[in-house]
Amino acid sequence: MGSNPLLGVVFHWLGGLASGSFYVPFRKVKRWSWETYWLVGGVFSWILAPWILGSLLTSDLLGVLRDSPRSSVAWAYIFGVLWGLGGLTFGLTMRYLGMSLGMAVALGFTAAFGTLVPPIFRGQFATEVLGTRSGVTILIGVGICMLGIVFAGAAGTMKEREMSEEQKRASIKEFDLKKGLLVATFSGVMSSCFAYGLAAADPIKAASVRHGTAVLWQGLPALVVVLLGGFTTNFLWCLFLNIRNNSAYEYFSPYSRHPHTNSDSSPAFENPTDAPAEEMARADKHAATSAPSTARDLPFSVPMLSNYFFCALAGTTWYFQFFFYTMGETQMGRYKFSSWTLHMASIIIFSTLWGIALKEWNGAGPRTKFMVALSLATLIASTAVVGYGNYLGSHS
């Protein structure tokens with residue numbers, strides 16, 4: 001099957017929609033700590049969905065993994081672990097810079113490093129990127145994407161300026177620009193390791209095709225390995241929080257010892273590729289789960305079946321961002337490195353649209369709303385330019 005950049009852009013937009021939407025089911029989880037619902041959802045995101053869909057759509061998944069070079073499997077796993085480490089510092093980025101500025105800086109580094117490092121590492125940057133019209137067009141699209149991220153950060157900063165001093169102190173209690181920029185840089189670079197993991201897994205994709213897998217699904221075995229690395233880091237951190245916060249009982253108990261979740265005391269463990277999931281889920285979670293903390297109200301009933309269902313729905317939706325990403329990558333031809341920019345741009349677009357739908361921007365001034373619209377328009381334009389660059393490459 002030949003490349004089809006327009007179809008690839010559609011797949012990347014579907015992936016961005018999944019990434020920007022997966023936190024919505026988490027809003028329905030009641031009286032579970034962050035580490036509990038994140039790990040339950042993660043089992044579906046990083047283990048069950050990759051293996052189930054990989055087994056169904058790949059020809060001999062285990063055989064593909066056995067026949068893949070050990071070094072490729074090892075590096076894909078290691079980059080998955082490093083991608084997970086990006087989440088450890090992503091929560092600190094929000095703490096020191098605030099959500100808007102922190103997201104903009106971290107996403108900017110993630111988009112830039114995840115897009116540009118793979119072709120540089122392969123030795124293709126000078127010849128196939130800078131040396132061709134299509135490559136230069138794609139670079140312009142990447143630059144437009146960076147500009148859109150800057151506009152998104154500016155919109156968030158303007159919104160924060162419109163808040164009262166009391167609201168500002170509540171949202172950014174430990175603002176520290178220097179420390180925040182250092183942490184955001186580390187988080188952004190580490191989070192871009194997902195793109196490196198998929199690049200390192202190219203031999204796994206080739207083995208998948210040799211085993212008879214359709215080209216469109218060739219990336220699914222690679223996801224199994226990279227996401228296993230991400231699961232390792234997330235599992236260890238959530239387990240640590242379960243022990244520290246005495247919340248491990250929540251996986252099995254139909255009663256909670258707390259009137260609401262204790263997620264405020266647990267640092268968020270997410271990447272820029274997860275969109276502002278925990279923060280969004282937290283927005284109305286307390287309103288839904290809080291209850292008077294009087295003796296007669298204890299213990300607090302927990303809807304176990306409902307919690308597991310919505311965690312499974314959230315986790316499976318999260319996985320689909322990279323399910324569609326690997327499909328889109330197969331359609332971008334020799335400039336598949338541009339897939340990362342398309343992915344990041346679409347994440348911000350759909351996260352922003354969800355924020356509008358959930359009335360996050362209600363009360364913002366006209367200038368702030370204009371900046372939000374400008375950010376969306378710029379990011380949409382970046383996907384069009386990147387897609388056009390790939391179109392030129394496919395016809396050269």
Greater than 12 external heavy atoms within 6.0 Å of W13's CH2: yes
Any donor-acceptor pair under 3.5 Å from R70 side chain to S68 backbone: yes
Non-hydrogen side-chain atoms of Q321 and H343 separated by less than 4.5 Å: yes
Working for side chain to side chain donor-acceptor pair (under 3.5 Å), residues T326 and Q218: CA-CA 8 Å; T326 57; Q218 64 177 304; over 6 Å; no
Within one Ile-Leu-Val-Met-Phe-Trp-Tyr cluster: I140 and I149, side-chain cutoff 4.5 Å: no
Pairs touching residues 203-212 that satisfy salt bridge (Lys or Arg N to Asp or Glu O under 4.0 Å), sequence neighbours left out: D202-K205, K205-E329
Nearest non-hydrogen partners of V225 and A76, listed with the distance: CG1-CB, 3.7 Å
Mutual orientation of the aromatic rings belonging to F322 and F194 [parallel < 30°, tilted 30-60°, perpendicular > 60°]: parallel
Side chain to side chain, P254 and V302, heavy atoms closer than 4.5 Å: no
Atom CG of L305 with >12 non-hydrogen neighbours under 6.0 angstrom: no
Ring centroid separation W32 to Y308 under 6.0 Å: yes
Centroid-centroid distance, F44 to W318, less than 6.0 Å: no
Backbone N/O of L85 and side chain of T233: donor-acceptor pair under 3.5 Å: no
Closest contact, heavy atoms only, S192 versus G114: CB-N, 3.5 Å
C145 SG to L342 CG distance, which is reported to the nearest 0.5 Å: 8.5 Å
Atom pair CD/CG of Q331 and L216 - distance to nearest 0.5 Å: 6.0 Å
Under 3.5 Å donor-acceptor, T137 side chain and R133 backbone: yes
hydrophobic_cluster_shared for W38 and F309, side chain cutoff 4.5 Å: yes
side-chain contact (heavy atoms from CB on, under 4.5 Å) evaluation trace for W340 with V142: CA-CA 10 Å; W340 193 251; V142 173; over 6 Å; no
Where G188 and T110 come nearest, the two heavy atoms and their spacing: O-OG1, 3.0 Å
Sidechain-backbone polar pair: N307 side chain, K30 backbone, donor-acceptor under 3.5 Å: yes
Summary of side chain to side chain donor-acceptor pair (under 3.5 Å) pairs that have at least one residue in residues 41-66, sequence neighbours excluded: none
Distance (rounded to the nearest 0.5 Å) between I204 CD1 and W75 CH2: 13.5 Å
Approximate separation, where rounding is to 0.5 Å, of R27 CZ and F310 CZ: 12.0 Å
Distance, nearest 0.5 Å, that separates OG of S346 from CG of L17: 9.0 Å
Validation row: L353, L376 side chains within 4.5 angstrom (heavy atoms): yes
Test item: L220 and S208 side chains (from C-beta on) under 4.5 Å apart, heavy atoms: no
Reported SG-to-CD1 distance for the pair C238 and I243, which is rounded to 0.5 angstrom: 11.5 Å
Side chains of T213 and L57 in contact at under 4.5 Å (non-hydrogen atoms): no
ILVMFWY network linking V209 to L223, side-chain heavy atoms under 4.5 angstrom: no
Heavy-atom side-chain proximity of L227 to Y319 below 4.5 angstrom: yes
Short side-chain to backbone donor-acceptor contact, E250 and S33, under 3.5 Å: yes
Nearest heavy-atom neighbours spanning P50 and V224: O-CG2, 3.6 Å
I52 reachable from Y325 in the ILVMFWY side-chain graph, under 4.5 Å edges: yes
Y37 and F26 aromatic centres sub-6.0 Å: yes
Donor-acceptor pair between T232 and Y77 side chains, under 3.5 angstrom: yes
Y251, OH atom: more than 12 neighbouring heavy atoms under 6.0 Å: yes
Ring center gap for W83 and F79 short of 6.0 angstrom: no
Min side-chain heavy-atom separation T316-F22 under 4.5 Å: no
Check: F324 ring centre within less than 6.0 Å of H12 ring centre: no
For L61 against G54, the heavy-atom pair lying closest together: CD2-C, 3.9 Å
Side chain proximity check, F231 to L39, heavy atoms < 4.5 angstrom: yes
Side chain to side chain contact (heavy atoms under 4.5 Å, CB included) partner of T341, chosen from I138, I144, T115: T115
Output field: ring centroids F323/F320 closer than 6.0 Å: yes
Criterion side-chain contact (heavy atoms from CB on, under 4.5 Å) on W217 and M327, from CA distance to verdict: CA-CA 6 Å; W217 316 118; M327 292 170 63; 3.6 Å; yes
Where L198 and A222 come nearest, the two heavy atoms and their spacing: CD2-CB, 4.4 Å
Pairs under 3.5 angstrom only: tabulate donor-acceptor contacts from the side chains of residues 381-388 to other protein residues two or more places apart or in another chain.
unit_1	atom_1	unit_2	atom_2	d
S382	OG	L379	O	2.6
T383	OG1	I380	O	2.6

Any donor-acceptor pair under 3.5 Å from S375 side chain to M371 backbone: no
F113 ring center near Y196 ring center (under 6.0 Å): no
